[in-house]
Amino acid sequence: MNSATTEASQRIARIAAHLNPPNFQMEESCGLNRANCRAKGGAAGFKVAILGAAGGIGQPLALLMKMNPLVSVLHLYDVVNTPGVTADISHMDTGAVVRGFLGQQQLEDALTGMDLVIIPAGVPRKPGMTRDDLFNINAGIVKTLCEGIAKCCPQAIVNIISNPVNSTVPIAAEVFKKAGTFDPNRVLGVTMLDVVRANTFVAEVLGLDPRETDVPVVGGHAGVTILPLLSQVKPPCSFTQKEIDYLTDRIQNGGTEVVEAKAGSGSATLSMAYAAVKFADACLRGLRGDASVVQCAYVASAVTELPFFATKVRLGRAGVEEIYPLGPLNEYERAGLEKAKKELAASIQKGVSFIRK
Ligand SMILES: NC(=O)c1ccc[n+]([C@@H]2O[C@H](COP(=O)([O-])OP(=O)(O)OC[C@H]3O[C@@H](n4cnc5c(N)ncnc54)[C@H](O)[C@@H]3O)[C@@H](O)[C@H]2O)c1
Ligand SMILES: O=C(O)C[C@H](O)C(=O)O
């Protein structure tokens, strides 16, 4: 083949790849392309996009969302490797139609028409780093992605996983305010992993079933801002002071425990994908109109004097439909709350200033 022919065939391959996204891509030799197939897609269900879908969280999250019966269309967007991830996941014989999108020029196509957008895009921690050390890179990534959401799917529910969540949620809110699309009920910071960890660790200490254990975790998603309310655990139970100290410390530092164990290769990905899907599923059940869908999330809130705070919220067709108060706190928790608020205030301000500067 001469170079002109090679270039022409590469051009045709590029066009074909665009017209036939990987979920429907077939070998030329079989003589069928997407247009020839009888499947029409469009089954009842929600349209979900994952931004950062080729990453450590993104891949298992995509796998689990492809298994979710509430999802009819799943868009996988990243700046690298989405063709491979999409081809792989699209072979699963579950209902959702999967489409891959690669690079900034395909962001708008990835977002158009979405009901729920989940954002795990961005760099993870290495040992010795705080989540705030990720701000310089991840703030810009979240800003760009949210500008795309404001333009292409301003009604979508947005689940923000990228760290530092305490600042990236205020960044998202400011981007949407600037675009005139901000709906505080639709922007949710994902703190579900703190709850998942709290349920696991408390169940372990007390000898309970983690699936039957419910630990509210409020505040934010970093160090002392992660505030487990052990006085409100269900089923009702009591702890020794030693157990309270151990559990509070382990829940607040669960992320660091994983970062150190992974020794430089990243942070929690598998438990995070599990937690992200648990939370996304709750958002979709809310959108469907299910009653009493309640989870903890970091949202615009008037529960404290801070503009953002994580508490239990009720999810519905409009996103966050009710924000629950903190409930009665004991002295230990009240002291923890003061520490959490101090650090949270600075992280929120940092996020807001990043957009307003
Ligand atoms: N909220 C939580 O509880 C929680 C838990 C774990 C990790 N995290 C955070 O999630 C983020 C991702 O973690 P990970 O382990 O998946 O990291 P990773 O590096 O494995 O994956 C990140 C992915 O984001 C992609 N990406 C980078 N810039 C992008 C852009 N502009 N647009 C789209 N995609 C882009 C990368 O290509 C990569 O595929 C980190 O910031 C991490 O700290 C949050
Ligand atoms: O700890 C991290 O950096 C990742 C995440 O926020 C976590 O809690 O696991």
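Indexing begins at 1, ligand by ligand and atom by atom, following the structure's order. Numbering starts at 1 and runs along the sequence shown.
- The distance from ligand 1 to the heavy atoms of V165 drops below 4.0 Å at these ligand atoms: 1 (N).
- Comparing G56, G122, G55, S271 against atom 24 (O) of ligand 1, the shortest heavy-atom distance belongs to G122.
- For NZ of K143, the number of neighbouring non-hydrogen atoms (other residues, nucleotides, ligands) closer than 6.0 Å is 12 at most.
- The pair E174-K177 counts as a salt bridge, with a side-chain nitrogen and a carboxylate oxygen less than 4.0 angstrom apart.
- Close approach to Y77 involves these atoms of ligand 1, each under 4.0 Å from a residue heavy atom: 32 (N), 33 (C).
- Of the candidates V79, I137, N81, I161, I161 brings a heavy atom nearest to atom 1 (N) of ligand 1.
- Scanning all protein heavy atoms for the shortest distance to atom 42 (C) of ligand 1 gives N163 ND2, 3.8 Å.
- Checking M129, K143, H221, Q104 against atom 3 (O) of ligand 1, the nearest heavy atom belongs to H221.
- Close N/O approach between L145 and ligand 1 is not found [any backbone or side-chain N/O within under 3.5 Å].
- Within a 6.0 Å sphere centred on CD of E331, heavy atoms belonging to other residues, nucleotides or ligands number 12 at most.
- Of all protein heavy atoms, the one lying nearest to atom 13 (O) of ligand 1 is I57 CD1, 3.5 Å.
- Here the CE-CG distance, from M129 to N163, works out to 10.5 Å after rounding to the nearest 0.5 Å.
- In the displayed structure, F239 atom CZ is contacted under 6.0 Å by more than 12 heavy atoms of other residues, nucleotides or ligands.
- Contact annotation: the side chain of D194 never approaches that of Y298 to less than 4.5 Å [non-hydrogen atoms, C-beta and beyond].
- Looking at atom 11 (C) of ligand 1, its nearest protein heavy atom turns out to be P120 O, 3.6 Å.
- Listed for the T86 side chain is no donor-acceptor partner under 3.5 Å among the backbone atoms of L76.
- At a cut-off of 3.5 Å, with distance as the only test, a side-chain donor of S353 or Q349 sits close to an acceptor on the other residue.
- Heavy atoms of M129 come nearer than 4.0 angstrom to ligand 2 in no pair at all.
- Neither the backbone nor the side chain of V258 has a heavy atom within less than 4.0 Å of ligand 2.
- Within the listing of ligand 2, atoms 9 (O) sit less than 4.0 angstrom from a heavy atom of A268.
- Among M65, M67, M272, the single residue meeting the side-chain contact (heavy atoms from CB on, under 4.5 Å) criterion with V277 is M65.
- For R197, every heavy-atom contact with ligand 2 shorter than 4.0 Å involves the side chain, none the backbone.
- Remark: among candidates G255, A275, P124, the nearest residue to atom 19 (O) of ligand 1 is P124, based on non-hydrogen atoms.
- Shown here is K126, whose NZ atom has no more than 12 heavy atoms of other residues, nucleotides or ligands within 6.0 Å.
- At the top of the distance list for atom 3 (O) of ligand 2, counting protein heavy atoms only, stands R125 NE, 2.6 Å.
- Those atoms of ligand 1 that come under 4.0 Å of a heavy atom in A268, given as number and element, are 6 (C), 7 (C).
- Closest to atom 35 (C) of ligand 1, if we only count protein heavy atoms, is A121 CB, 3.6 Å.
- A distance of 6.5 Å separates SG of C237 from CG of L208, quoted to the nearest 0.5 Å.
- Distance check: M114 CE to L51 CG gives 10.0 Å after rounding to the nearest 0.5 Å.
- Taking every heavy atom of T269 and a limit of under 4.0 angstrom, the matching atoms of ligand 1 come to 15 (O).
- Atoms of ligand 1 found under 4.0 Å from any heavy atom of V80 (numbered from 1 in listed order, with element): 37 (O).
- Proximity annotation for atom 8 (O) of ligand 2: of R131, M272, Q252, R131 comes nearest, heavy atoms only.
- Near N138, meaning under 4.0 Å from any of its heavy atoms, are these atoms of ligand 1: 41 (O).
- Close approach to L134 involves these atoms of ligand 1, each under 4.0 Å from a residue heavy atom: 43 (O).
- Atom 28 (N) of ligand 1 has I141 CD1, 3.4 Å as its closest protein atom, hydrogens excluded (heavy atom only).
- Ring pair F101/H75 is tilted by interplanar angle, where 30° to 60° counts as tilted.
- For atom 6 (O) of ligand 2, the closest non-hydrogen atom on the protein side is H221 NE2, 2.6 Å.
- Within the set D78, L61, L51, V85, the minimum heavy-atom distance to atom 37 (O) of ligand 1 is found for D78.
- For atom 41 (O) of ligand 1, the closest non-hydrogen atom of the protein is V123 O, 2.9 Å.
- Where the criterion is an N or O separation shorter than 3.5 Å, residue side chain and backbone included, T256 fails it with respect to ligand 2.
- Nearest to atom 4 (C) of ligand 1 among the protein's heavy atoms is M272 SD, 3.5 Å.
- For the atom pair C152 SG and E147 CD, the distance stands at 11.5 Å (nearest 0.5 Å).
- Listed by number with element, the atoms of ligand 2 under 4.0 Å from a non-hydrogen atom of S267 are 2 (C), 3 (O), 4 (C).
- In this structure, F308 and V187 have side chains that are not in contact, with every pair of non-hydrogen atoms separated by 4.5 Å or more.
- Here the OG1 atom belonging to T168 is positioned 10.0 Å from the CG atom belonging to L134, to the nearest 0.5 angstrom.
- The distance from ligand 2 to the heavy atoms of G255 drops below 4.0 Å at these ligand atoms: 1 (O), 7 (C), 8 (O), 9 (O).
- Remark: L70 CG to F46 CZ distance equals 6.5 Å, nearest 0.5 Å.
- The closest side-chain donor-acceptor pair between K350 and S167, if any, does not fall under 3.5 angstrom.
- In D194, neither the side chain nor the backbone holds a heavy atom less than 4.0 Å from any atom of ligand 2.
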